[in-house]
Amino acid sequence: MSIERLAAHLEAEGLGGFVVQRPENVRYLSGYTGEDSVLLVLRDRCLFVTDPRYTEQATQECPGLEILNWRDEAASLPAALASYAKKAGLSSVAFEADYMTFRAHAIMAEAFGESIRLVPSLGVIEEYRKIKRPDEIEKLRVSCGIADRALARLLDDIRPGRTEKELAALLALHLVEEGSDTKPYGGILISGPRTSLLHGIPSDRRIAKGDFVLVDFGGQYQGYLADMTRTVVVGRASEEQREVYDYECAMVEATLAAIKAGATSKEVFAASTKPIEGTKYFGKHYSGIGHGIGLFVHEVPFLSPRSDDILMEDMVMTVEPGIYIPDWGGVRIEDQILVTKDGYVDFTTSTKDLVEL
């Protein structure tokens, strides 16, 4: 169990406790699905710290943990955490340095005082999360199936005159109706020349005949996320649209062919650009072509020429090279895959052939 792994980490590093605040890390360690809660992990037990709004839910979802209402302990959460730490006789407590703000750290340090040392920590729990358990793999597979079905329904909605915002709202509805959690994490639905925007926000632009429509989205199933992208054409594709789309498909296939346990991120990225080397589209690509995914949309590993990550069996990640031409448009295809010893299993089943609506 991951809490025991974290307790062993504390022992090995000579630390007394670990304050866990990042919501996805709290959920990963405890199973809690709510908000505004913190874990204080000690070497011999884990304290679940929340307020009266969530004590009943935490008791139901985290039966093995000690549930504490911090309002019964002190006037503020930092003061309560400091009180619990002092009662446990701690002299050092680690915290998530990439999550706690500067001001929050200052308040926490004042509450803990000079007797308890706050120790910044990076990536400890994220390291546990990068290799997915069988139950996590199954939830991610289900989430991808929900996304595939929602996209199939959306294709019937896309037509000239509808706005990007309208279609994005319909997609969110389809996701929930197909089984997604009711808290979608957002999505990209853009059209025409706006498809060159890597993370464009749905706008009031109306879909027109001849447009590319790029849909980058995914719901979540029991907290575990899907992330997929498809680019379609409204009406008949032009010769240039077909050319760009064909190069994009070649990039995706080259990337997937390089995926297997032991492959490096740099190797996979180098494979992704081979199909466009020597063409006018080289340089119209982006350096980030994939990422791990789980309880958070962007997790380790990251596929890019600057990443030192090495792919490992049972990682779940996206593969998403793209071609982006400013003021013209772009094409991205994104699948979510499970890394295996010799290759991958693709959780995304929607066609990668060019769809003309």
Please check if the side chain of [X] supplies one atom and the backbone of [Y] the other of a donor-acceptor pair under 3.5 Å.
X: Asp148; Y: Thr349; value: yes
X: Ser121; Y: Glu96; value: no
X: Thr50; Y: Thr55; value: no
X: Arg194; Y: Leu189; value: no
X: Ser307; Y: Phe302; value: yes
X: His285; Y: Gly283; value: yes
X: Ser143; Y: Leu140; value: no
X: Ser191; Y: Ile207; value: no
X: Arg230; Y: Ser350; value: yes
X: Thr195; Y: Ile190; value: no

Which residues satisfy the side-chain hydrogen bond (donor to acceptor under 3.5 Å, both in side chains) test with [X], sequence neighbours excluded?
X: Glu110; value: none
X: Arg159; value: none
X: Glu356; value: Arg236, Arg242
X: Tyr247; value: none

What closest approach, in Å, do [X] and [Y] show between heavy atoms, and which atom pair accounts for it?
X: Asp216; Y: Asp227; value: OD1-OD1, 3.0 Å
X: Ile116; Y: Lys86; value: CD1-CG, 3.6 Å
X: Arg306; Y: Ser287; value: NH2-OG, 3.0 Å
X: Ile293; Y: Leu225; value: CD1-O, 3.7 Å
X: Ala104; Y: Met100; value: CB-CG, 3.7 Å

Any [X] side-chain heavy atom under 4.5 Å of [Y] side chain:
X: Leu338; Y: Lys132; value: no
X: Tyr245; Y: Cys249; value: yes
X: Val331; Y: Leu214; value: no
X: Glu127; Y: His9; value: no
X: Asp346; Y: Lys352; value: yes
X: Leu175; Y: Gln220; value: no
X: Leu6; Y: Val20; value: yes
X: Pro193; Y: Asp327; value: no

Between [atom1] of [X] and [atom2] of [Y], what distance do you get to the nearest 0.5 Å?
X: Met108; Y: Leu77; atom1: CE; atom2: CG; answer: 6.5 Å
X: Ile289; Y: Glu320; atom1: CD1; atom2: CD; answer: 9.0 Å
X: Arg43; Y: Leu15; atom1: CZ; atom2: CG; answer: 7.5 Å
X: Glu4; Y: Leu29; atom1: CD; atom2: CG; answer: 10.0 Å

_Flag for Tyr281-Glu248: side-chain donor and acceptor within less than 3.5 Å_ = no
*Side-chain H-bond candidate by donor/acceptor type, Ser203 with Glu164, under 3.5 Å*: yes
*Do Tyr128 and Tyr28 have ring centres separated by under 6.0 Å?*
no
*For a ring pair (Phe, Tyr, Trp, His ring centres under 6.0 Å) with Phe48, tell me which candidate from Trp70, Tyr54, Tyr32 qualifies.*
Tyr32
_Please determine whether side-chain contact (heavy atoms from CB on, under 4.5 Å) holds for the pair Arg332 and Ile188, giving the CA-CA distance in whole Å, both sets of side-chain angles, and the decisive distance to 0.1 Å._
CA-CA 12 Å; Arg332 182 165 65 248; Ile188 299 166; 4.0 Å; yes
*Using a side-chain heavy atom cutoff under 4.5 Å and only I, L, V, M, F, W and Y, what cluster partners does Ile201 have?*
none
_Under-4.0 Å salt bridge between Arg141 and Glu138_ = yes
*Is any NZ, NE, NH1 or NH2 atom of the basic residue among Arg133 and Asp314 found under 4.0 Å from an Asp or Glu carboxylate oxygen of the other?*
no
*Take Cys144 and Met228, measure what side-chain contact (heavy atoms from CB on, under 4.5 Å) needs, and give me the verdict at the end.*
CA-CA 8 Å; Cys144 289; Met228 66 177 290; over 6 Å; no
*Which residues pass the salt bridge (Lys or Arg N to Asp or Glu O under 4.0 Å) test with Asp353, sequence neighbours left out?*
none
